[in-house]
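Quick notes on the structure that follows.
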Amino acid sequence: IICGQAIAQSEPNDPITYDTTITEKAMGEGPFTWQVRITRQKTDNSQRPAIISMPGAGEVGTSLANLVAYGPHYWLNNGWDGGVRLGNGIHYPIIITIEQPANNMRPWHLKAVLETLLNTLPIKRNSVHVAGLSQGSYEWGELIGFAASAGDETAMSEIKSWVDLEGVGPGDNFLGFDPPFPQAYTTWAKKYGGKFFGLEGTNDSRNVWQLSQAINAGAANSAYFSYENIGGGAHCCWNSMYDPSVTNWTCVGTPGNPNIVPSTNPASTMGSYFYSATTGSNIFQWMLRQGDTTLVTGGPVAPPSTAPTVSAGSNQSVQLPSSSITLTGVATAATGHTIASTVWSWTSGPATYGISTPNSLATDITGLTTAGVYIFTLTVTDDAGQTNTSQVTITVSAPAPPTVSAG
């Protein structure tokens with residue numbers, strides 16, 4: 001205590017931010033490759049909460065710019081250090097932004113991505129918080145209500161809180177096993193303690209209120225919902241909602257939030273929203289409060305690590321008219337780390353080629369229709385952003401001359 005004021009503890013924070021990809025197959029579909037940006041600790045492997053966000057229909061595909069257009073990584077690029085102040089100190093969660101490879105990805109593919117993140121990163125399983133704007137939020141809602149088989153509730157059990165910013169209320173049942181809408185959300189709140197924060201534009205009806213009512217029916221005060229008139233209440237302005245400096249989402253009190261519009265039909269509800277007169281509560285603070293808020297004070301720190309080892313395999317040769325060959329790479333992460341991504345790329349040689357699965361250690365190189373020497377590079381990145389490469393040479397020779405006999 002200094003001058004009568006308590007000095008808040010702070011978790012260790014030595015962050016690293018890196019881009020990677022997750023390639024998955026599910027239900028006989030794929031492979032699909034998702035772009036992912038991760039901010040986490042370089043050497044502290046203590047388990048921490050995760051904030052996983054997804055932008056909307058305008059930010060799908062392969063552009064890395066879509067990972068920083070909206071949400072947490074936009075604000076990390078604009079002055080926020082990723083710290084979330086709660087009553088017991090400043091927390092530094094793992095922050096992840098994922099980009100759909102195409103619009104309206106089915107929930108079993110998003111489930112595969114979530115499982116990869118949970119199995120790769122040191123995430124507290126009771127502190128997984130998801131957020132989405134527009135179609136990104138629709139995707140999270142579909143996952144919470146997804147059942148891969150009759151009675152399956154795996155997906156909803158893994159998510160602790162959900163921020164829905166002007167997202168369409170989900171309700172599709174692609175495989176026929178999902179509970180009827182909106183029963184899944186009632187179950188999520190009642191059985192798994194799920195918490196919800198939803199905002200809907202006054203001129204952008206998305207029926208977010210339907211979700212909040214189902215969740216509150218499952219467990220009272222589990223869902224926050226309100227209309228807002230940011231940007232005139234249009235379908236826009238998501239970074240104004242994610243803004244870490246906006247710490248009051250109530251419509252009452254001093255100063256209150258002038259953009260919050262109370263409603264009685266459908267009803268606004270404060271639900272699980274906690275407002276502190278001294279520290280307020282932004283969206284990230286709300287999310288972390290819904291899970292394990294134990295402060296990390298040091299935890300197991302990994303020793304200085306080395307880059308992963310990688311081998312692209314032995315050099316190979318092929319003779320036309322054969323035009324394909326299989327490459328099998330090997331990658332091993334240093335102790336305490338895991339392999340986050342693998343990428344095959346063309347380095348030199350004729351430009352006639354194809355890489356069947358560039359994000360797998362084993363891949364087929366096809367279309368080798370021009371004789372010459374090709375070099376391909378295997379790049380491997382671990383979960384700390386450390387990278388190593390290895391190259392392999394493929395020699396494509398001209399067809400053998402025909403054999404001939406004059407008798």
Task: Residue pair D81 / Y92, side-chain donor-acceptor N/O under 3.5 Å - done: yes
Task: Under the salt bridge (charged side-chain N to carboxylate O under 4.0 Å, His left out) test, residues paired with D292 that sit two or more places apart - done: K124
TODO: In plain terms, say whether R206 and D204 are close enough for a salt bridge, that is, a side-chain N and a carboxylate O under 4.0 Å apart.
DONE: yes
Open item on the list: Distance check, rounded to the nearest 0.5 Å: D19 atom CG versus T97 atom OG1?
Closed with: 9.5 Å
Open item on the list: Please determine whether side chain to side chain donor-acceptor pair (under 3.5 Å) holds for the pair E153 and Y192, giving the CA-CA distance in whole Å, both sets of side-chain angles, and the decisive distance to 0.1 Å.
Closed with: CA-CA 10 Å; E153 297 176 350; Y192 299 105; 2.7 Å; yes
Task: For W80, all residues meeting ring-ring contact (aromatic ring centres under 6.0 Å, His included), sequence neighbours excluded - done: F284
TODO: List in chain and number order the residues that pass ring-ring contact (aromatic ring centres under 6.0 Å, His included) with H109, two or more places apart in sequence or in another chain; answer none if no residue qualifies.
DONE: F32
Which donor-acceptor pairs under 3.5 Å do the side chains of residues 390-407 make with protein atoms, sequence neighbours left out?
from	atom 1	to	atom 2	distance (Å)
S390	OG	A312	N	3.0
Q391	NE2	T377	OG1	3.2
S405	OG	G407	N	3.2

Task: Aromatic centroids of F197 and W286 separated by under 6.0 Å - done: yes
Task: Audit row: R48, D44, salt bridge (Lys or Arg N to Asp or Glu O under 4.0 Å) steps and yes/no - done: CA-CA 10 Å; R48 302 189 185 213; D44 183 353; 2.9 Å; yes
Open item on the list: Using the side-chain contact (heavy atoms from CB on, under 4.5 Å) criterion, which residues pair with S63? Sequence neighbours excluded.
Closed with: A65, N66
Task: Reported CG-to-CD1 distance for the pair L199 and I230, which is rounded to 0.5 angstrom - done: 7.0 Å
Open item on the list: According to side chain to side chain donor-acceptor pair (under 3.5 Å), does anything in residues 316-329 pair up with another residue at least two apart or in another chain? List the pairs.
Closed with: T326-D364
Task: Partner set under salt bridge (charged side-chain N to carboxylate O under 4.0 Å, His left out) for R106, not counting sequence neighbours - done: none
TODO: With sequence neighbours left out, write down each residue that passes salt bridge (charged side-chain N to carboxylate O under 4.0 Å, His left out) with D178, or none if nothing qualifies.
DONE: none
TODO: State which residue, out of T21, T357, T62, T23, fulfils the side-chain hydrogen bond (donor to acceptor under 3.5 Å, both in side chains) condition with T33.
DONE: T23
- [ ] Scan residues 348-369 for pairs that pass ring pair (Phe, Tyr, Trp, His ring centres under 6.0 Å), counting only residues two or more places apart or in two chains.
- [x] W346-Y353, Y353-F376
Task: Y374: partners by ring-ring contact (aromatic ring centres under 6.0 Å, His included), with sequence neighbours left out - done: none
TODO: Compare every heavy atom of L133 with every heavy atom of E59, then report the nearest pair and how far apart it is.
DONE: OE1-CD1, 4.3 Å
- [ ] Calculate, to the nearest 0.5 Å, the distance between atoms CD and CD1 belonging to E142 and I144 respectively.
- [x] 10.5 Å
Open item on the list: Side chains of N259 and N229 only: does a donor on one sit below 3.5 Å from an acceptor on the other?
Closed with: yes
Show me the side-chain donor-acceptor pairs of residues 112-120 shorter than 3.5 Å, one per line, residues at least two apart or across chains.
from	atom 1	to	atom 2	distance (Å)
E115	OE2	K111	NZ	2.6
T116	OG1	A112	O	2.9
N119	OD1	R125	NH2	3.1
N119	ND2	E115	O	3.0
T120	OG1	T116	O	2.6

Task: Partner set under ring-ring contact (aromatic ring centres under 6.0 Å, His included) for W238, not counting sequence neighbours - done: Y70, H235
Open item on the list: Could you tell me if the side chain of M156 sits less than 4.5 Å from the side chain of T187, heavy atoms only?
Closed with: yes
